[in-house]
Amino acid sequence: MTDTDMTELFKVDSARCVKCGMCVRDCAFKALKTSETGEPVMQDAAKCMRCQHCFAVCPVGAIRFDGHSADVAPVAKSLELPSAQAVENWMSVRRSTRRFSEESVDRAVLDRIFRALANAPTGCNARSLTFTCYPDRTSMDGFRRSFLHAIESHRDGDKLLPRWLAVPAIRMRKGGEDLFFRGASGMVIISSDETNEAVTTPHEDVAAACAYFEMLAQANGLATCWCGFLKLVQQAVPELLEVTSGIRRTTPFYAMLFGKPGIRYPRGVVRESYAKVVYK
């Protein structure tokens, strides 16, 4: 990165800067330093992970990062945030839905969710995720047809497809119960780029993005279900996602079904115990 690029990445408004040094102290990889005038400067852009902590921590909004001004950023103090009780309430009534409405989700709702997902965490801020979305029933039905074709075309020597896969596929082909996708009107496959050297935690990045997607989807009135079945099928038919979605067989991924709920749960469940907690 050239000196010009470094300047464009990180700029300081001298008229605003109070020289508090908070941005320099909060830079985890020491990409910033304090200049002789007391203002922060970028000393090594190669160390910058683009986390924007310097931008977010500045008490007076003096920093402009990657062309973005603090004047257009959300101000935490003015936002309406859920209380701890509200978050606990949501977790206590959250359900994995396996009965969906026939109605497709409004594309504007999906656009809103995907914009918000820019804030989902990734290891070392790699942000190397792809969201392959089948947004409506027409798109999803097309995926189902390609899915069945990939299964039926699969050949592994003289080995037959395992019964747990062959029987549900036959039923779905005949118009019976959709055990794979539960009749969902939409699905998102979240994958990580394993060829990107900056990606240190591809599987964890995918899982975190799924959790954030579920939270945002349910906040927008949608139903969701983690689609572990798709991973099982991909293990039996390795070429499946290459054929249907252009995702390599070695690519870390997970899928989430979504749609308008076909059922409502008037209450949560009662858990007798929770995960083992060990304080040391």
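Keep in mind the model is a prediction, meaning the values are calculated, not measured.
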>> Using the rule side chain to side chain donor-acceptor pair (under 3.5 Å), only one of E239, E242, Q235 pairs with R249; which is it?
In response: E242

>> For R112, give me all partners under side-chain hydrogen bond (donor to acceptor under 3.5 Å, both in side chains), at least two apart in sequence or on another chain.
In response: none

>> Just checking K231: does its NZ atom have more than 12 heavy atoms from other residues, nucleotides or ligands closer to it than 6.0 angstrom?
In response: yes

>> Does atom CZ (R171) have a neighbourhood of more than 12 heavy atoms from anything else shown, all under 6.0 Å?
In response: no

> Counting only heavy atoms not in H53, do more than 12 fall under 6.0 Å of its NE2?
Replying inline: no

> What's the spacing between I170 CD1 and L148 CG if we round to 0.5 Å?
Replying inline: 10.5 Å

> Would you call K260 and D106 a salt bridge, using N to O less than 4.0 angstrom?
Replying inline: no

Show which side-chain atoms of residues 204-218 pair as donor or acceptor with protein atoms under 3.5 Å away, not counting sequence neighbours.
residue: D205; atom: OD1; partner: G123; partner atom: N; Å: 2.8
residue: D205; atom: OD1; partner: T201; partner atom: OG1; Å: 2.9
residue: E214; atom: OE1; partner: W226; partner atom: NE1; Å: 3.3
residue: E214; atom: OE2; partner: R94; partner atom: NH1; Å: 3.0
residue: E214; atom: OE2; partner: T224; partner atom: OG1; Å: 3.2
residue: E214; atom: OE2; partner: W226; partner atom: NE1; Å: 3.4
residue: Q218; atom: NE2; partner: R95; partner atom: O; Å: 3.4
residue: Q218; atom: NE2; partner: T224; partner atom: OG1; Å: 2.9

> Does the pair R144/D178 count as a salt bridge with the N-to-O cut at 4.0 Å?
Replying inline: yes

>> Please identify which of these residues, S185, S245, S139, meets the side chain to side chain donor-acceptor pair (under 3.5 Å) condition with Y134.
In response: S245

>> Taking atom CZ as the centre, does R99 end up with more than 12 heavy-atom neighbours from other residues, nucleotides or ligands that are less than 6.0 angstrom away?
In response: no

> Is D44 salt-bridged to K33, cutoff N-O under 4.0 Å?
Replying inline: no

